[in-house]
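Working notes, beginning with the structure itself.
Note that these values count all heavy atoms, side chains included, but never hydrogens, waters or copies made by symmetry. Numbering of ligands and ligand atoms starts at 1, following listing order.
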Amino acid sequence: MTAISLGMPDVPTKLADRRVSRQIQVGTVAVGGNAPVSVQSMTTTRTSDIGATLQQIAELTASGCQIVRVACPTQDDADALATIARKSQIPVIADIHFQPKYVFAAIDAGCAAVRVNPGNIKQFDDKVKEIAKAASETRTPIRIGVNAGSLDARLLKKYGKATPEALVESALWEASLFEEHGFGDIKISVKHNDPVVMVNAYRQLAAQSDYPLHLGVTEAGPAFQGTIKSAVAFGALLSEGIGDTIRVSLSAPPAEEVKVGLQILEALNLKQRRLEIVSCPSCGRAQVDVYKLADQVSAGLDGLEVPLRVAVMGCVVNGPGEAREADLGVASGNGKGQIFVKGEVIKTVPESKIVETLIEEAMKIAEQMEKDGIASGEPQVSIAG
Ligand code: SF4
């Protein structure tokens, strides 16, 4: 049998050095500076339903989510925060609109951070001093989350609508109120549902401050549209080194948001790729049902944590080339599949055996990778000078 040579994965190439940002600590997760870009999501349960919320957090954790946000619109929700923060395996951020008293409740409850939306919090400016004091004493970072839909009335009047300039001015103004009280453990988001406005807002913010930035396209829409919008907007910014933590907002279960977020980071080499299926789009030359084959292989290898690249190709035109480049691959034709491992044809199997052979070989390689300590991890990050 052909020997399998397994080296460490190549050092990933990247599009740009990271922007220099200050680092804050959200519980166990560092955000900004040279910390890897993290993926976060938000629960959809009533926070006061502690069991359901913790269950969803556990699902999010299993899907790779690193930070979770929970809404806190009522006193019952505020009362649930302490238990949720204590039992969650990942840092919990309380999301506060309207009521400053819940900001204090979240800090007291031991939440890893608090998100505030100054545009939505009445008399927020009056409370900044007290919030800064409480947050400082407990080392609780604050996210200033400016949203196009709830922009401060004063800025809406000044700019006429939620322009990038208006979003940035709002965020920096609120941050300056905290800074006046010596509090700088701040990260910022300036979300808009239009990726073009959003990208411009974050670019301006990145140029004007060193705050770590939480990227988000707000109300991005149902899964397909939201995925495209987020990938385009995050891709534009992350490819310029802008962005320290991301949240994909979808009208879909939150674990889906995490999957999309992780895929965006993996596509940009900001996170070590895990399983990657390289499959051809199929065409008139295909001699096998590529869609079905790719789906069956994906399903069979779902959950593999090692950075394995599997090529599923429909014919012998590009098939052997792609299959050779991957860790494992198949080039199909004439009712058969040539199986490649690390560039070498190891066997040819009938079409009916392609899926099971690929899965079997993938498991062998994965096992070897795990033994060799090649698991998914974070690529090294370099910071712009
Ligand atoms: S590999 Fe073959 S079947 Fe697949 S797209 Fe290319 S030419 Fe078409």
Practice task
Could you please spell out the steps behind the side chain to side chain contact (heavy atoms under 4.5 Å, CB included) verdict for Ile131 and Phe178?
Solution key: CA-CA 9 Å; Ile131 294 173; Phe178 280 104; 3.8 Å; yes
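Both Leu268 and Leu265 are assigned to one and the same hydrophobic cluster, defined by single-linkage of ILVMFWY side chains at heavy-atom distances under 4.5 Å.
Protein neighbours of ligand 1 below 4.0 Å, counting non-hydrogen atoms: Cys280, Pro281, Ser282, Cys283, Arg285, Ala286, Met313, Gly314, Cys315, Val317, Asn318.
Across Arg309, Arg273, Lys342, a single residue satisfies salt bridge (charged side-chain N to carboxylate O under 4.0 Å, His left out) together with Asp327, and that is Lys342. Of the residues listed (Val310, Val355, Leu358), the one engaging Val330 in a side chain to side chain contact (heavy atoms under 4.5 Å, CB included) is Leu358, and it is the only one.
Taking the side-chain contact (heavy atoms from CB on, under 4.5 Å) definition, one finds that Ala231 meets it with Ile264, sequence neighbours left out.
Enclosure of atom CD in Gln208 by more than 12 non-hydrogen atoms of other residues, nucleotides or ligands within 6.0 angstrom is indicated.
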